[in-house]
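First up is the structure itself, then whatever we jot down about it.
Protein chains get the first letters and strands the later ones, always in sequence-line order, with residue 1 at the start of each.
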Amino acid sequence: MNEMNETRQRRRGRLRLNILGPIIFLTAVTILALTFVLVNQFLNLRDVAAQSQRETARRVATRLDAFLEETDLNVKATADGLAQVSDLATATEPSLVFALRRLLNRNVAVFEVTLVTPTGREVATLRRFGTKQTLGSEASQPWMESIRQGQPYRGPVTLSEYQLPVMIIAQPVLGPEGKEIGGLVVQVDLTTMWTVIADTRIGESGYAYIVDESGYLLVYQRLSDLSQRLTLAELIGSDADAILRGKSATYRGVNGVPVIGVSAPMSYKAWTVVAEVPRSEVYASVYHSSWLVGSALMASIAAMVLAVVIVDRRVIRRLGKLQTGVEMLASRQFGVQLQLPGNDELNTLAVAFERMAGQLQELYAELEHKVADRTRQLERRTVQLETAAEVSRAASSTLNTERLLSQTVELIADRFNLYYVGLFLVDEGGEWAVLQAATGEAGRQMMVQGHRLRVGGVSMVGWCTANAQARVALDVGEEAVRFDNPLLPDTHSEMALPLISRGRALGALDVQSTKEAAFDEADIAVMQTMADQVANAIENARLFEETQRLAQREQTISHITSKLRSAFNLETILQTTVQELGQALGASKAIVCLGTETTLLSHQDEAEPGDGEVKV
Amino acid sequence: MSGTRRSTMNKLDVSLGLGLVVMMITATWAAGCGSTDNQPLKIAVVLPLQITPGTEMLNAAQLALEEAGNKAGPYQVELLALDEFDESGSYTEEKARANAQTIVNDPDVVACLGPGFTAVAKMLTPLLNEAGIVMVAPSPTWPGLTKPGFVPGEPGIYYPTGRRNFFRVIPTDDLQGAVGALWARELGADLVYVVDDGQPYGQGVAGLFVEKAREIGLEVIVESADIKTTDYNELAMRIAQTQPDLIYFGGSATFGGPQLILALRNHGIPIPFMGPEGMMTSEVLDQAGAAAEGIYLTFGIVPFDQMGSRGAAFVEDYRAKYGEEPSAHAALTYDAMRVILDAISRAEDRRDRAAVLRAVAETHSFPGLSGDWGFDTNGDITTPVFSGYVVQDGEFVFKTILPTK
């Protein structure tokens, strides 16, 4: 039983796999395809964003380089303009002021310009706004060494006394003979760099910043970053090195959110412009589409699950029920009640199946009934045939009529489970059918009583022997020609079969059953066969007896004849004749009378001998 | 049992299906939410609303907005009026901070018009700079708000991000000092006696006058006065002894200007007297009276009748709407509002404060009432125009347009 259940489960599993497998497979393929598309989109967007950022960073770097280099060029041009002055210390102030003011007018980023001698003494100072109160010595300032060496100077970016980002640029002033006669020290307002960085927008929320040659954050969101001296490595970690080498990377940016960063070097100084765009923005379109795709995926999965559940519940489980029903039907459990939910084809199928199962149940019951009937009939036929065979054997194996009849009735009664079996033989006069053998107590009593029925009388045996035809009463109550035997009160069916030999009825086989309609044509035929065999046997036995009797008579005649031949007188002849005949015939008295017919008749009483007397 | 079980199964199927539908609908709804595109933009107007110039300035701002159809380009715009004075009528850091919070916390505010006073600008500018909100001020004149070279720390302390967000449509005091020096030379002065009032404004203006005067070859004598301690009669006598061609007072009417005029005229010293915009108030006329006759004053805006058709139209419109003559500060505020509206209409993203800031900074050749101008890198107008006034018959009378270079 468990094995059958397992097989059923396995089959149902295969069915589930066959139906749901394609759904799951297609959904999985869809999910994989969408995932692949999404990943590709992510990669493409990252590349596009990095390219765009790099271009922006380069543009910013170029713009700032141009701003700084232009300032440098202006300062150098001013220094070159002063080359005609042979001695700064003796030059007139208005001419120097004119040169310095022209520098201020040329370049708005130049806040203050100072002309110094090689010893560091300030010759003239001009600033864009306000007044520098005192002139003094700049001999100890770091740019003086460059001026003395005839080299330009580009200082670090610092916050000025006005809290503005400034850088000192110094340019040596060469005299007519190419000798350093002084230097031009220029304070450049770098606010423009912060403005450019602040105005740099990459996408919606991308930004840029500048890192100096030592890796310190130079220009970002606040001027105070300058004084905090934060290195890029401190801000973004180990990716700083890759970024500063120009590679793109994904990391947590300076503002703490995950970004994609790239950089572009500046040419004016070894500064680097870094452009960062939050990953959320770069991937926003993908996030949006991934949201849609994710929703689609979720919907697909949900739809798949729903489809699986619905198909499983509405189809597979119901098919499983149908399968169970079929298997129950196969195991002859016809009372299948599937009770499938719904009102669809499967439901219709189930109803039809239930109806078919009911019809099969009826058909099967009918068949079983028929088979049982057939079996019973066959068994009965078998018994009949066996009985017939036995009767046949008995008939062929004995010449004892009495024993044959007795065996026959017992066999038939026993094998056919009959109430009563009797066998009648018609007497020599053909007037009575005399019971010769019978079964049961009733039969014994009838035998004792010398039960006989008149041939042609109102009895089935009488009718049968008279007409040499079988007479069957399936309901004895309705049989007109029947002797109602009080010894056989339970008889409901009776059949009288003639024992026919050489065209005449020797007697009849009478069988009775307590069941109504207990005999069919086959019964009648079989029993008629047995009756015929019995009749033949009886006939044979009679012939045998007749033959033996004739043989005995011939022998007696021969014996008497031989005795008579040996007698020599009439008396002896007569005496021998009377004695031998009486002995042969078994007579107690034997008389031989000589005379005419009349004489003999008149002296009949006188001639009557006594017992054991032979009178001649 | 079976029927119950079937019913439950069907309900489960329906629930699953409904759940799916609800999920999709919710997601779609969520995706469509959050749009603020139809919200009107706001321009915060921070002015001294408790005094007359402030209300006039607000009127001018509203007039400019109405003339633009309450729009900046195609975008609807509203004003958010905030008083830069507290309930006691003073400007305080707390009030400036509260105003800044109001502005910063309102995502619809994309720009600020104001403030009116330099002191308020000093407090408000760094707060709005942190938020990247552009300011266009009509009247603060202190140069240190935008220019280095005056007070240490200025102007960097006002811009912690390094990005300038403060712009103004009125010329700065340093230019007024320079304009005064140029006018003094034009008037024929060679020696100028410069007196400041000891206040930051006065010292600043006086210092810039001195610098320019020296630059153009004038001789200057410089002295600082204090209204609490100075004997203006003695000062007048000292000035007279040096026989200057002109006396320049760097200060305001509140800090000794009228007293010095009275002292000079009371001692019969007829030396020409010149002062900056801070002296161009009714206090001078009231306190100095007839002594003020003939004094020269510089002012950072040209009179309406010198503005051409733009000025005339403004005066006409203002008069028609409010039934009174507009003030010079109202005209400046009118220009400030128009600049902001123009910038919003040009901004890449009207709701992006940074974009509006960039657009304001990029303003150039703007058709202002006094001429076409833009903003320089510091946030000041590129072509400032000054007027020279003379007191005649107890009134300030326009005399001339003054060059700045």
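Under the 3.5 Å distance criterion, the side-chain polar atoms of Arg164(B) are matched with a main-chain donor or acceptor of Thr146(B).
Contacts between Val151(B) and chain A at a heavy-atom distance below 4.5 Å involve the backbone alone (N, CA, C, O). Neither the backbone nor the side chain of Tyr158(B) comes within less than 4.5 Å of any heavy atom of chain A. For a residue to count as touching a neighbouring chain, one of its non-hydrogen atoms must lie under 4.5 Å from one of that chain's; by this rule Asn378(B) touches chain A with the side chain only. With a threshold of 4.5 angstrom between heavy atoms, Glu348(B) does not approach chain A through any atom at all.
Aromatic ring centres of Phe111(A) and Tyr162(A) lie closer together than 6.0 Å. Taking the six-membered ring where the residue is Trp, the centroids of Tyr220(A) and Tyr207(A) are separated by under 6.0 Å.
Put simply, of Gly144(B), Pro152(B), Gly153(B), the one with the most heavy-atom pairs under 4.5 Å next to chain A is Gly153(B).
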> Passes side chain to side chain donor-acceptor pair (under 3.5 Å), Thr125(A) versus Glu122(A)? Steps please.
Replying inline: CA-CA 7 Å; Thr125(A) 293; Glu122(A) 287 187 25; 3.0 Å; yes

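Defined by atom type and a distance below 3.5 Å, a donor-acceptor pair is present between the side-chain atoms of Asn107(A) and Thr71(A).
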